[in-house]
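Reading through the structure tokens given below for one structure.
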Amino acid sequence: MPDEIVLKVENLSKFFPMKKSVFSRAKHFLHAVDNLNFQIEKGKVLSLVGESGCGKTTTGKTILKLYEPTGGKITFLGKDVTHLHETEDKKWFHSKTQMIFQDPFESLNPRKTIFDIVAEPMNIQNFGTLRKRELMVMDILKRVGISPPDAFLWRYPHELSGGQRQRVAIARALVMKPEFVVADEPTSMLDVSIRTQVMKLMMELIKEMNMSFLYITHDLAVARYMADEISVMYLGRMVEYANSEELINNPLHPYTKALISAVPVPDPEFKRKSVEIKGGIGKPIDPLPRCRFYDRCPFAMEICNQKEPELLDVGQNHKVACFLYKKDGGTIA
Amino acid sequence: MMLKYIGNRILQIAILLVIYVAIVFFLLHAMPGGIKTLLISNPKLTPQAQEAIIRAFGLNQPLWLQFVDYMKNVFTLNLGISFSYYPTPVWNIIAERLPRTVLLFTVATLIAFFVGFASGKSLAWNRGKTTEYVSTIVGIITYTIFTPLLIFVMIWFFGSFLGIFPLNQFLNPDLWIHTRLNAQVIFLYILLTMLIIGMVMLVSYLVALRFSHRVRTRRLIFYLSTIITVVFSVFFWWVSPVGIYAADILWHMVLPVMTVTIISYAGNMLVMRDSMLETIKEDFITTARAKGLPDKVVRDKHAARTAMLPVVTNFVLSLGFVVSGGVITESLFSWPGMGMTLLDSTLAKDYPLAAGALIFTGIFVLFAHLAIDIIYAFLDPRIRY
Amino acid sequence: MKAVLEIKNLKMYYDTQAGQVKAADDISFSLYEGESMGLVGESGCGKTSVSMSIMRLLPENARIISGNIFFGGKDIVKLSNEEMNKIRWAGISMIFQAAMNSLNPVYRVGDQIIEAITTHEPDVTFEEARQRVASLYKLVGLDPERMDNYPHEYSGGMKQRAVIAMSLACNPKLIIADEPTTALDVIVQDTILRELEKIQKKLNMSMIYISHDIAVIAEVASKIAIMYAGKIVEMSDSVTIFKRPAHPYTVGLMSSFPSIRGAKKELVTIPGEPPNLLNAPDHCRFAPRCPFATDECWKKEPSYEEIEDNHFVACFHPQNLKKQVRANAG
Amino acid sequence: MTNNPNTTVEMADAKLESPALIRMKLMWRSFKENWKIFSQSKIGMIGLYIVIIFAVAGFIVYPILAATVWKTTSLNAMASYNPVTGYDFVQNNPAPPSWAHLLGTDPLGRDILAQLLYSTPREFMLGIVAALITVIIGTLIGTVAAYFGGALDTFFMRVADIVLLFPFIPFLIVISGMMQVDLLTLALIIGLLSGFGGITIVLRSQALIVKSRPFIESAKISGASDSYIIVNHIIPNVMPLSFLYMMFNVTGAIFSEAVLSFFGLLNIKMSWGLMIYTADTAGYIIGSNIWNYWWLWLPAGASITLLCGAFYFIGRGLDEVVNPRLRKR
């Protein structure tokens with residue numbers, strides 16, 4: 001089934017209470033993720049793009065149950081997994097989902113061997129016999145390019161290079177053949193020449209294993225290369241969503257435009273338009289009911305200060321949350 | 001903000017104190033035989049006195065009632081009557097002896113802090129040289145040396161061999177026998193003088209900070225005012241008729257202060273060394289060097305000042321330990337402070353006095369913690385209460 | 001044009017227990033007044049070692065084996081530490097990689113800048129120094145009232161601006177910017193890069209940008225040196241580097257970046273990993289990863305030669321020389 | 001990545017060594033690596049040598065001497081070698097070192113060397129038992145408090161605050177003065193007191209750092225339970241620090257015992273502190289007199305200092321293994 005929806009997220013929110021001690025009740029909330037909607041089909045890659053602090057990592061972690069969502073609904077393979085109570089459901093969900101982290105130096109336990117690290121998901125899930133686990137570890141290590149695998153099985157992470165560690169982290173995530181993987185900036189800590197290798201490796205594995213990916217990155221160029229669809233986040237809100245080529249070539253939201261024009265171009269003769277927005281990104285603590293980009297937007301209007309824009313489909317599955325645009329492609333300005 | 005924080009801390013301290021007193025109380029009552037047995041078996045007390053104490057402190061009541069009474073009494077400073085000094089109330093004994101301990105330890109820990117800070121700083125800065133190994137080993141030895149051993153040698157060396165410091169005790173009876181002066185009063189005046197000098201130093205430091213941006217001018221203001229105050233107070237004591245008695249007390253203090261300093265400087269030194277070693281790897285030290293600042297400025301202003309913070313924390317944690325070491329120091333030097341009182345009363349099974357001494361040693365540590373908390377807030381701008 | 005900085009055959013090695021690390025090997029380049037140069041390379045390729053050698057801020061186990069660094073007519077390598085202190089910041093200043101860590105947390109930001117001024121210009125009064133910091137703050141786009149805040153009260157971008165203001169405090173002839181924007185978000189990175197470029201032009205300073213990101217360098221530098229495994233493998237003006245890259249490593253680097261402009265194209269990867277500089281081999285250090293490597297490359301190190309006007313390459317098989325100007329992405 | 005097809009392993013033929021053997025080899029290898037770092041610390045090695053000398057003296061030399069040369073029978077003159085009850089009638093006691101008594105005798109006619117060696121294993125026992133209790137409590141509470149946070153964390157941290165308030169030795173003095181305390185009880189009291197105090201705070205903050213690292217989240221995403229994470233991830237990463245603190249706690253325990261027995265407050269037969277107490281109460285350690293009777297206090301005092309110092313030295317050496325930032329390069 002090419003159109004099978006693996007993950008569907010409806011009105012997902014995650015607020016963090018800002019409190020000082022155990023005894024005081026929280027008065028303020030950080031709206032890290034606010035009313036998010038998206039879905040990922042089987043074998044597809046959706047990329048969440050945004051600056052640091054925009055809530056993209058929180059979104060990934062909330063979906064994978066590292067945080068309890070404040071509101072909304074998460075459906076995974078047709079099953080409501082917003083709140084998991086039954087042990088069996090938890091086991092099922094955790095064996096089908098995985099995450100790859102940003103920092104390969106921090107995401108592997110320094111006191112465990114490569115074998116223990118890669119086999120851990122199977123150990124936790126009590127999957128197969130020891131012999132079977134060994135074979136699966138060897139197999140996945142070979143597939144991520146750690147070869148010969150038996151030369152690496154009993155090494156510790158600190159004996160590996162950065163690129164090799166990230167390959168091990170990928171192997172660990174993929175060893176149980178998950179349906180859905182969140183990759184949180186998996187290449188941003190790697191060296192340029194290694195980065196490309198790892199990106200290509202992930203692309204191959206996604207195709208080969210027909211997985212769905214939520215690819216979190218701050219780099220639009222990487223998102224364009226890796227993802228089928230891109231969604232831009234700003235202060236906990238999704239501001240634009242489209243097919244990746246469409247989003248890069250025809251950005252609608254002023255923030256997306258700014259993001260794209262801020263990416264440096266490796267061509268000394270090319271002169272970019274300068275970014276028009278001002279100031280830095282804040283923190284969405286108790287945000288007012290208005291467009292979150294209002295303070296920095298060069299096109300801010302009266303209405304932007306009065307209510308929050310909805311995510312509107314302006315045609316060809318291109319959605320944008322901005323009052324400059326009307327449903328099905330019309331523009332106000 | 002700061003005042004609110006201090007208020008909060010004092011409230012916390014009150015709660016901690018109640019818990020602390022409760023633990024002391026119940027532990028002592030949980031002793032085999034209990035307080036009453038101790039009381040009755042104490043040969044220094046006449047049966048009448050025993051009766052009086054049992055009645056006054058309700059020792060026949062159930063335990064929890066006794067506790068409520070004790071608690072009430074503690075906060076009105078009524079700690080009972082000492083068995084061994086019957087009928088002197090415990091509070092009177094403590095009120096006499098507490099200032100002696102406070103003075104001894106404040107002076108010694110301050111010296112130890114500055115010596116440890118300065119030597120730790122230079123150890124880290126001169127890493128890998130022979131002096132580093134030697135002073136680290138000497139530091140660890142004085143840190144782990146069995147305190148009585150050190151004191152025996154100190155007494156022998158300075159008291160007998162060189163003969164420059166009095167062997168032990170608080171004052172010289174031969175000198176005091178001809179006067180009707182009260183040693184306690186003179187001692188309190190000494191304490192007051194030191195407090196004034198300390199205040200002047202603090203105020204002049206703050207004033208210097210406020211009025212000048214040049215390091216040299218700041219130093220001038222600070223040192224000048226400190227020296228003037230010290231000279232003035234020495235002069236005052238010199239002309240006053242009781243000066244010689246005060247000098248006698250101070251003379252007796254030198255050896256214990258030296259001992260406590262030797263025991264406790266090394267802890268500060270080692271923590272300062274480690275903290276400094278970590279700090280000099282920080283990027284802002286590289287920045288400071290890149291700015292072309294002279295080595296001394298990088299070391300003192302940037303590295304040492306920042307590395308100091310964990311040393312202050314260690315200072316808090318080591319305070320309890322220093323007071324503990326004080327028991328040995330005080331009893332071996334016969335310095336009649338809280339430590340000696342605690343040991344003597346324990347050996348004499350004088351339960352009310354032992355409990356009182358323990359409680360007040362605890363209070364001393366508590367308030368030292370509070371003081372350090374406040375100092376810490378001044379030292380680290382990242383901490384705002 | 002006058003050379004502000006001239007490095008000749010600089011060799012800087014680390015002594016470790018495992019052996020000698022050739023962190024910077026035979027580095028030569030000149031930098032002219034008002035010129036901005038980019039030093040590009042992957043982590044551990046020695047680009048920071050070069051900048052630390054220029055500042056003479058080397059760790060204990062690092063030694064400058066040979067070579068000269070001329071700055072203002074003096075050879076920095078031979079100066080005493082006191083003489084060097086006079087050059088630091090007043091002559092050459094630095095913008096460090098991790099701005100969040102390069103400010104001392106216990107002092108006010110303004111005071112840390114004033115400290116640099118009063119150290120090098122003792123006649124400047126405190127009030128004058130404050131005036132100068134205020135104008136520097138305005139120059140880098142910070143509110144001068146923030147001078148009296150502590151570093152932890154600044155955001156990442158503000159700290160970076162403050163660090164830039166600090167680097168300008170003594171009007172240096174040369175500023176070395178070591179990954180000045182790596183930790184920042186794209187939009188902040190963009191504004192800061194533009195400001196740096198503007199200030200550099202306005203004050204006619206020389207700059208060395210150090211970065212692993214060739215796109216960032218392309219925007220700000222007029223001359224680019226590519227470093228690989230402790231050596232400069234290619235150097236030329238930035239247009240030449242991008243249009244006619246000659247070293248296989250540079251070629252690989254160019255095509256391994258995904259681009260946001262133009263059509264989506266397949267990425268080319270450089271196989272393998274950068275070598276360990278410990279006991280470096282005496283053949284071409286890129287040979288194990290090079291698609292064009294021949295026996296010659298495995299036998300000796302290629303010399304660093306000028307293959308066309310102002311285009312230096314250390315390679316036996318330079319690419320793209322006679323070919324048509326390469327159509328670059330964008 | 002070089003992908004040489006000749007070196008890839010055929011899955012069916014892949015033969016792994018037995019896991020237990022591999023793990024033993026791994027432990028041996030990491031032990032060797034850590035030993036290499038530790039052995040470069042001169043201070044740590046000095047400490048280790050001293051501890052080994054004391055251990056050999058206490059656990060090997062004393063039993064041999066006691067069973068052979070110092071063998072006591074009721075009519076044997078060698079009975080004076082019993083460290084607790086012996087008496088040498090032949091000479092005036094205390095006697096200076098001689099061939100009969102290598103370190104002399106105490107005022108009660110007992111052989112100093114015998115007392116010294118007899119006490120050594122007991123000091124080890126006390127120090128190690130107390131430190132083990134401390135470290136086990138500290139590690140468990142520290143990791144659990146850090147991992148679960150919230151009210152549990154607050155509770156244990158307040159307990160630690162209170163314990164830290166207690167002036168340690170004065171408190172021990174009062175307890176042992178008021179009730180009969182033997183060596184094992186003392187080890188238990190010291191272990192409990194320091195276990196709930198400072199070490200909990202240190203290990204908790206270390207556990208908090210470990211807890212925030214992504215491999216914990218990685219395990220959670222695979223469905224790991226809280227106990228799995230604490231046992232498999234947090235404790236192994238806190239262990240080196242625990243081990244380090246154990247060394248410092250041995251020092252503290254031996255020191256405390258020495259102080260208490262120096263004041264004669266413990267209900268024990270013999271210890272180094274008690275040896276000095278005996279000499280002190282008999283009036284042999286006064287001012288200028290002290291070098292005349294040096295064998296009464298110097299061997300015991302030096303032993304306390306050396307053993308305390310040695311464990312502390314080892315701790316300092318381990319610090320460089322555990323905390324790479326302190327290493328020279």
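Remember, it's a predicted structure, so these values are computed and weren't measured experimentally. Order of the sequence lines sets the chain letters (A, B, ...), proteins ahead of strands, with each chain counted from 1.
Here the CE atom belonging to M189(A) is positioned 9.5 Å from the CD atom belonging to Q166(A), to the nearest 0.5 angstrom. Note that OG of S95(A) is 12.5 Å distant from CG of N126(A), once rounded to the nearest 0.5 Å.
Taking the six-membered ring for Trp and thresholds of 30 and 60 degrees, F248(D) and Y312(D) have ring planes inclined between 30 and 60 degrees apart. Between F215(D) and H233(D), the angle of the ring planes lies from 30° to 60°, which puts this pair in the tilted group.
Atom CD of E86(A) is surrounded by 12 or fewer heavy atoms from other residues, nucleotides or ligands within 6.0 Å.
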Salt bridge (charged side-chain N to carboxylate O under 4.0 Å, His left out) between K142(A) and D139(A), worked out: CA-CA 5 Å; K142(A) 208 174 77 175; D139(A) 182 48; 5.5 Å; no
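With a 4.5 angstrom heavy-atom cutoff, K112(A) touches chain D only via side-chain atoms. Only the side chain of L66(A) comes within contact range of chain D, with at least one heavy atom under 4.5 Å from a heavy atom of that chain. Neither the backbone nor the side chain of F127(A) comes within contact range of chain D; no heavy atoms are under 4.5 Å apart. For N232(D), the parts lying near chain A are the backbone and the side chain together; criterion is any non-hydrogen pair under 4.5 Å. Contacts of D184(A) with chain D are absent, with no heavy-atom separation under 4.5 Å from either backbone or side chain. For L130(A), the part lying near chain D is the side chain, with the backbone staying farther off; criterion is any non-hydrogen pair under 4.5 Å.
Here R172(A) is the residue among M176(A), Q98(A), R172(A), M122(A) with the most heavy-atom pairs under 4.5 Å with chain D.
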